[in-house]
Every structure is written in structure tokens, then in C-alpha cells.
**Q** 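Before anything else, here's the structure in question.
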Amino acid sequence: MKFGVVVFPGSNCDEDAVYALRNILNQEVVKLWHKDTNIKDVDFIIIPGGFSYGDYLRSGAIAKFSPIMNEVKKFAADGGFVLGICNGFQILCEANLLPGTLTRNINHNFICKNVFIKSQHNLTIFTENTGDKNIFKIPIAHAEGRYFADEKTLQSIIDNKQIIFKYCSKDGEINKLSNPNGSLKNIAGICNIKRNVFGMMPHPERACDVNLNNTDGKTVLSGAIEMFKNMGK
Amino acid sequence: MKSPTNYNDAESLGLLREEFDKICQILNRKPNFTELSIYSVMWSEHCSYKNSILWLKKLPKKGSQMLVEAGEENAGLVDIGDGLACAFKIESHNHPSALEPYQGAATGVGGINRDIFTMGARPIAQLNSLRFGELKNNRTQWLLKGVVRGIGDYGNSFGIPTVGGETFFDKSYNANPLVNAFSAGIMKKGDMISAVAKGAGNPVFIVGSSTGKDGINGAAFASKDLTEDSMNDIPSVQVGDPFQEKLLLEATMELSKTNTLVGMQDMGAAGIICSTSEMSSSGNCGMKINLEKVPTRQNMLPHEILLSESQERMLLVIKKGKESSALKIFKKWDLNCEKIGEVTDGDMLEFYFNNELIASVPSKSLVLGGGAPVYQREYKEPEYYKEYKNFRISKILPPENIIQVANEIIKLPNIASKKWIYQQYDSMVGTVNMGTNLPSDASIVNLKDTNKALAMTVDCNARYVHADPEIGCAIAVCEAARNIICSGGKPLAITNCLNFGNPYDPEVYWQFVKSIEGMKFACEKLNTPVTGGNVSFYNQTVTKDGAEPCFPTPTIGMIGLVHDKEKTMTLNFKNKGDLIYLIGDCYDDISSSEYLANYLNIDSSPAPFFDIESELLLHKTISSLIESGQINSAHDVSDGGLYVALIESCIANNLGFDIFTNHDFRLDAYLFGESQSRVVVSIDPKKKKIFENFLKNKSNYTFLGEVSNGKIVIDDMDFGNIEVVKQDYLNSIENILES
């Protein structure tokens, strides 16, 4: 199985994603440069965090026009698996590969801290294979991570079980107190209706290295990798 | 060349008459306006260190760990083994931040990181050290919010984690905040890029942002007092573009792996003129530069192009014939790169504008160590110094309600958690911050693919330095070292950021001189050479009623190495029932404590008790305890005293403590005094005997009590539960900002 990690000029979590996948999860990884017009032969694309082209206008607003995103769109349309983390999630929403949008945090500040997220069902590769564990400690680091969608869209992602992770407390309570950024319904991560495109604001790649004393992100990613392989991909 | 200038012109640009005479001597004629402008910025305090260099030279800079010593390159370079080297430095951006906190702080972050990656080192972690006035003031809150957002927006986008820092509030900074930014980077030994120009005929390139009128004369602006008219200097504040900086970083890293570069320097203070003169001077050559080739954002005069401090620009000298491979890299990163001239024999810098020679000056005459003036300043012991020493603890009545004091101390802005600040910084990008889940006294940065971790910290209790600059500055160095020791590291070297008032005020200069002496003393004892840093004078506010200098603030940035990262020590208590010990001696001392200064509001007292030999013994003791795996936590006693150190040890795991104090001492001094060289450790109760035996013939120790499941009990008095105290500790700054 081969991962492709997209590199925009302002990506800054690309190396972290590569390190987690290659050095910790022992996966094959190639980088996909933003000017590339060919996706190579990757099986799974990760759009990492960062500030794609500076993101001075709006997160992901320019990235959606980049050459590589045309390829990502084609790849996803053909059923290819794509995960956007943080800025990657913002870009996937801008590119209409995922519903809704990410707006400025409710306190208007950048927030970097550990949060807890809870998987909402076992209907995706990210949530199906984590054993008994369904609450994960994963860090966030963003200024625009407040998930928003209009009522109709929100209802449809609820009905179609597209919400995969919600912010929760250490004990799994989903309420206003455990919502770090004001996201609708505590939404931390969603998928598309076909369940092959995923976006999440928390950074699982930051919670993989045992030297940092938190490997909940590794649990989520390695569970997904195993599922993906089981699907015969 | 246009018309010659005179004394009046010189004085209007901030030069002294004697300096004008010196320029005429160097040039053998009167300078024209462009040339005079060049000297005014290059000989400004900010660029020339003319009022500080004599004293800075006294600091120790040698050591077997040093690969590049202070003053040789943009930053010092330390050998950290495994074929790796660490470049690190701290710099101030105080004056711009006082006027425009957001851009001032942001460009400070940009500048310090450029210093690091210009050398070929990839920044791995950042720290910052901030000083503000009283938090209750609206202006302080505006400055704090702007500075924090500026540091955050720049650093977060640039993508290097901010892993630690310190923030201190005192009324002496009401008008003049201090913003000191630290960055450390890692490179392969031998991969260093020098800031040098060599080889006549080699082309000179400018790369990065276009040049605009921002920051013209910034260096000169930073070299004078802040006054009520300083708002007129707003054009001296630069504007930052972290995206451009990120591109420069990546392109530079690629470039460093090719064989195309002769040398490179970033453009910080004094822009093109500074980088051309410093690179030429260190390579004993000259340059011919065509200023009309410099990409500009607007119509600009030649002297404006020379002096502009527009950010995110680099000057490169490329090996002739290798231009295309360098240009290919810049093209990949969409960076603008233009040839603006070439290296020449001799030592003249010649600047042309559309074929007209507009300035011609010898490169060496401009720089520190060359022709820049060097002054010996007068100094005089201020009267307050002796007065402070008359302080007697006996004149202070012991508090009636010690629990109430404890509850208030925890909420003081200097004591309370700086969560509101640090949560706005990306502290985890790069996946190297080992302190996120298990905090240590110093910030611990994982060196991936090695057994090691890098420890780093910034420290300076400026109240101590004000009370006694020599002892206070020695304490700053020792506290930094203690933080690294308590984290399981070995101190390696320091960088300093010397923030003082007006050097022409003999009492301010005395603070500077004594601080240098204290730093020298401590660094020699600890074998931590000074690798560089910067000096920021004129940190005071001039009003109708006279000048008010801020506290003398020689911020120490220290790096150390944890040789076996498995043995990284953390500060938090681990288990209920673990035994708590205080290592080091106690004194009836509340001098310059947070308790005395900000609870009792008494300013006049000397520095807290400090003895270097006890400090060194403590370091040995703690290091051997960690090495032999005897302790579960270590946390040094600093601001707020023993009580605060204990509470901080409880926060991460929601534990408490039940201890007894020693009635040979006043209770307030025992709990809140800040006498130095003490560390709180906790141990497994099963190890009590071995531990106490081990400490024989080492530092003195006191058994305090044990870790509880959340209750805080001192001498059988109930100080509440950690859940409650923690809320006060974590939220009090946010509560002040939101009220």
C-alpha cells in the first residue's frame, strides 16, 4: 500500500505525516508536489496541515485551484481514498469534496491543545477497527476549525452518518464544555457520502510517536490501514 | 555624486559631530546624503554595538562544544554529537512591538528564524520571553493581545513549534514591552553556510520579497528613546509575510545541499547595506551593486532601497557559472531572485543607480570590529541599590491568614498559568515536543532517529536583576541551567538578549556592566559559553517628567542536551503516596519575591539569597538522582516559592500534597520565599532509605511529606483541593483579560 502526501508550498505538517506513516507505521510514502499533474500510483492520499499558499485570503481558498487538486478530485471520483487533516480538511471543503466549511474559532484565537474525540459509528475505515477504544486524545492546532454547514446539509450528513468524530470530554461526554472551537454538533471529522473522502481538524499524525507519550493517533491510523488492506486495496 | 553634507545633517540622522568627523576621515571627503544615511544606520547602536561591545567581549565564548563562536556568524553553533550541530540565538523586537505589537512581534519571530536557517540549520523549536506592564491596564492588554497574535500567526504559519517561554508583568514595562524571540535549529556538522562574500566576479543576488518603504531607518529608530512622539516612527515598523519566509526556508535548505553558494546572509536591520557590508567585510572584498535591479514594490529613492528593512529577503553570493542551478531551486519555490551586482577586489562598496555612482564606502569602515565607533561609557551605582539592601524581613509582619495569601499568590499574573498565551502558539507541529503530555522544567525537543533530546529554556527574573544586577543576572543563568538539569539535561551554552535603558544614563549603564559581570561569573562556573545574542538599549519611556527605564532584563536563552531521552525527567507528581523532598537549603528570605513585590507591594529589597557553590552542588545532586533513577519528579523552586512549585507539580495529574513545614523559619518565607538553589523531588516510598543514604555528603535535604489524591494540606491546615486551586491557576489571566 502506497501513501501520497500532498505538499503545498505552505504545508507544514507534510513531514510529520510522512514520518508517522513511514517511520512509525512502516508504510511506503511518496510526496505529491502541488504543481504535479499526475498522481503516480498511490493508493491513499493525505492532504496535510499547514497554510497551503499562506492562506491569507481564507484557508484553502487558493489551494483548491492548484494542479494537484484536479488530480485529487479525479482520484476521489474514481473511489480513491483521501484524508485531509486540518488545513487538508479545509481544502477538501473548499474543493467541494466534503460538505460544509470551517470558520473562525468561536473565541477568534488560534488554539493548540490536546482534545478528546469520540468516534460516532463503525461505518468507516477510521472508526471500524480501533478495538474497544472509541475515545481518543488527539491534538488540535487551528484558527479556522469551527465546522459549519447550513441546516439542510447538516441534516443530510447526520442522516447519512457522515459525522465520524465529535469533540468530547475525557470521559466521552459531548457537550459545549468539550467543544474547543464552537463547531456545530461538536463535529471534529466527517466523510463524504461514498465514504472514501475524510476530513478531520485534529492531527492524528501528532499522536503516533511513543517518545511524545501519546499514541492514540497511531491507533486510529493503523486501524484504518489494516481495514484498507483487508478491503483488498 | 551629489552634494556634501554637514554637521546638521549628521545630527538630524542621529550621528554625533565626532562621528561625522570620523566619516570624513575615512572617506577623505564629506559624505553625500546617501553615504551619511549609510553610516547613520550602520553606526547606530543596533548594528554597531558601539556602547556595549567592550563589555560583551569580556564574556566567555570558548568551549570544546563550540563549533562557531560568538560574533563569527549569524548565530553560535554547538556540537551536539551524532554528527549534528545546533544553531541558536535570541533577539529582541521591543521598539516595533511597543508601537505596533502585531507586526512588531511577528517580524521579530521572522528575523530570528532567518538568522538560523541562513546558516543552513533547519529551525526545530522556538521560545519567547515577554515583558509587559501591569496586566490591569488597557494598553498592556492591547499590547499583550497584539504581541501574542503576532508571534502566533507568524510562527504557526512558518511551521516551527513554539515549545516554551516566559511572560512577566511589571509596571516598569508599562510603556515599553519587551519581545525577545528565540530559535534553535539543527544541521549536519559541516553543512554550515557562511555569511561571507568572496571571489571577484562572483554574482550577488537578492531573493525573496520585493523591497518597499517599510522599516526604513528601523535600526536607528531602535537606537533611541521611546517618547510621546514615537508614533511618528510607525513607518519604521516592518510588515511580516510568514508564507514567504517558509518558501525561503525550504529553498535555502535545498540550496545548502548543492555546491553553488559562496555565502548568504539574511536582511534584517539596515537591509541591503548591512548585508552587503558585513558579507564583504568578512571576506575582505568589495561589491558593486546596481540598486535599480532590486525588485521594489513602489517608487523608491536609492537611499531608501539601501536602508529598507522589508522582511523575508536574503543576499546571496553564488559561484560564477553555477547561477542556473540556484535559480532553478528558487523557481521551484516561486521565489523572486535577481542578480543585483558582483563581488569586487579591494574593499569598496559601490552602489549605482541607473549607472550613476550614488555611494562609495569601504565595507570595513561600516561594521562592528572594523571602523564602527566603540565607546567606553561612564557608569555609577544608583542610590536605590544600597537602599534596597537595608531591607529587613523583621519589618514585615507575618500574614494573619496564610491560606488567603496562598490563594491570592496563585492568581498573580506572574505566577498563574500562561495558558491563554501558549495555547495560541502551535507547540506540536514537527512532532518533537516531548513536553506536551509530560511537562519538564525546560522544554524538551526530540531529536528524531537519535537517543538524544535537546533541552531549551529562556529565563530572567528582572526584579532580581534590578535589585542587584550582578547577582540577579547570575541567578538568571543558574535558573536556566537548573531548569535543564531538572529535566535530565546537561547545560551546553547560552545566548543572551540584553534589554536595558538608555546607555548614556550612567545608572542604567551600571546595571548593564554589573549584569555582564554576573553573567560572566555564572557562565564560567557552569562552563556554558555565550554564543551571541543581541543588545537592546533605550528601553525606557521619556515623558515630560523624565526618563523611566524598564527593569534591566538580560534574558538568558540556554540549550542543553539530554543524552538518553528515556531518562528525561518531568516535573509533575506521579502517584498518591510518593514522598516529597526539598533538596537544597532554606532561608528566612522573602527578598524580591513575588509575595513581597506583588502581594505586599514592597519594591525595595535586595535579590534573594544566592550562593553559586550551593547551586553547583545542587546540579550535581539532581543530575545523579536522575541518572540513577531514584526520583519520580523534579521541579525547581522559583517565582512564588515552594508553595507554587508544589502546586505546579500537582496540576498535570490532579494530585495534592500533605506536608509539614520547618518552624525554624517564618511560614511565609518557607512557603513563598524565593531563595535560590532548591528543587522539589518526589520518590517512590519504597526507595526512602536508599534515597536518603544516597544524599549523604551531597546537598542538604528536607523531608516535606507526601503526595495526596488532591487535598492540599500544610501543617494540618486545609488549603483546599487541587481541582479548585487549578481553576484559579489556569484561568486567572484569561479572567483578567475578559473582565
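Reminder, nothing fancy here: chain letters follow the sequence lines and each chain counts from 1.
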**Q** Please classify the contact of His142(A) with chain B as side chain, backbone, both or neither, using a heavy-atom distance under 4.5 Å.
**A** neither
**Q** Taking atom NZ of Lys170(A) as the centre, does the number of heavy atoms from other residues, nucleotides or ligands within less than 6.0 Å exceed 12?
**A** no
**Q** Evaluate Thr431(B) against His203(A) for side-chain contact (heavy atoms from CB on, under 4.5 Å), listing each step before the verdict.
**A** CA-CA 10 Å; Thr431(B) 56; His203(A) 287 268; over 6 Å; no
**Q** Please say whether more than 12 non-hydrogen atoms of neighbouring residues, nucleotides or ligands are located less than 6.0 Å from NZ in Lys145(B).
**A** yes
**Q** Using modelled atom types and a 3.5 Å cut-off, is there a donor and acceptor pairing between side-chain atoms of Lys246(B) and backbone atoms of Phe51(A)?
**A** no
**Q** Is atom NZ of Lys419(B) surrounded by more than 12 heavy atoms (other residues, nucleotides or ligands) closer than 6.0 Å?
**A** yes
**Q** When rounded to the nearest 0.5 angstrom, what is the spacing between SG in Cys112(A) and CE in Met428(B)?
**A** 4.0 Å
**Q** I'd like to know if the side chain of Lys448(B) pairs up with that of Asn211(A) as donor and acceptor (distance under 3.5 Å, no hydrogens or angles considered).
**A** no
**Q** Pick whichever of Gly435(B), Ala453(B), Gly430(B) has the most heavy-atom pairs under 4.5 Å with chain A.
**A** Gly430(B)
**Q** Taking only heavy atoms into account, what residues of residues 153-160 of chain B are found under 4.5 Å from chain A?
**A** Asn156(B), Ser157(B), Phe158(B), Gly159(B)
**Q** Are Arg206(A) and Asn433(B) packed together at the side-chain level, in the sense that at least one heavy-atom pair is separated by less than 4.5 angstrom?
**A** no
**Q** When heavy-atom pairs shorter than 4.5 Å are enumerated against chain B, which of Asn214(A), Ile111(A), Asp16(A) gives the highest number?
**A** Asp16(A)
**Q** For Asp55(A), which atoms come within 4.5 Å of any heavy atom of chain B: side chain, backbone, both, or neither?
**A** neither
**Q** Apply side-chain contact (heavy atoms from CB on, under 4.5 Å) to the pair Tyr19(A) and Asp449(B), showing each step before the final yes or no.
**A** CA-CA 11 Å; Tyr19(A) 186 82; Asp449(B) 306 319; 3.9 Å; yes
**Q** To the nearest 0.5 Å, what is the distance between CD on Gln423(B) and CD1 on Ile140(A)?
**A** 8.0 Å
**Q** Check each atom of Glu250(B) against the heavy atoms of chain A and say whether the ones under 4.5 Å are side chain, backbone, both or neither.
**A** neither
**Q** Taking atom CG as the centre, does Asn451(B) end up with more than 12 heavy-atom neighbours from other residues, nucleotides or ligands that are less than 6.0 angstrom away?
**A** no
**Q** Just so I understand: if I count every heavy-atom pair under 4.5 Å between each of Val148(B), Asp241(B), Asp426(B) and chain A, which residue has the most?
**A** Asp426(B)
**Q** Chain B: which of Gly10(A), Gly54(A), Gly50(A) shares the most heavy-atom pairs with it under 4.5 Å?
**A** Gly54(A)
**Q** For chain B, which candidate among Tyr53(A), Trp33(A), Tyr56(A), Phe110(A) shows the most heavy-atom pairs at distances under 4.5 Å?
**A** Phe110(A)
**Q** Taking side chain as everything from C-beta outward and backbone as N, CA, C, O, which of these in Lys332(B) sits under 4.5 Å from a heavy atom of chain A? Side chain, backbone, both or neither.
**A** both
**Q** Residues in salt bridge (Lys or Arg N to Asp or Glu O under 4.0 Å) with Asp41(A), at least two apart?
**A** Lys2(A)
**Q** Is Asp209(A) in contact with chain B via its backbone, its side chain, both, or neither, using a 4.5 Å heavy-atom distance?
**A** side chain
**Q** Using non-hydrogen atoms only, which part of Val432(B) is less than 4.5 Å away from chain A: side chain, backbone, both, or neither?
**A** backbone
**Q** Assess the residue pair Asp334(B) and Lys35(A) against the criterion (side-chain contact (heavy atoms from CB on, under 4.5 Å)); give the C-alpha distance rounded to whole Å, side-chain angles, the decisive distance to 0.1 Å, and a yes or no.
**A** CA-CA 11 Å; Asp334(B) 298 316; Lys35(A) 294 176 188 172; 3.1 Å; yes
**Q** If every non-hydrogen atom of Asn114(A) is compared with every non-hydrogen atom of Thr436(B), which pair is closest and at what distance?
**A** ND2-CG2, 3.8 Å
**Q** Does Lys188(B) NZ have over 12 foreign heavy atoms under 6.0 Å away?
**A** no
**Q** I'd like to know whether Arg149(B) forms a side-chain contact (heavy atoms from CB on, under 4.5 Å) with Asn109(A), so could you lay out the CA-CA distance, the side-chain angles of the two residues, the decisive distance to 0.1 Å, and finally the verdict.
**A** CA-CA 8 Å; Arg149(B) 179 153 290 186; Asn109(A) 291 337; 2.6 Å; yes
**Q** Under 4.5 Å heavy-atom distance to chain A, tell me which part of Asn446(B) shows up: side chain, backbone, both or neither.
**A** side chain
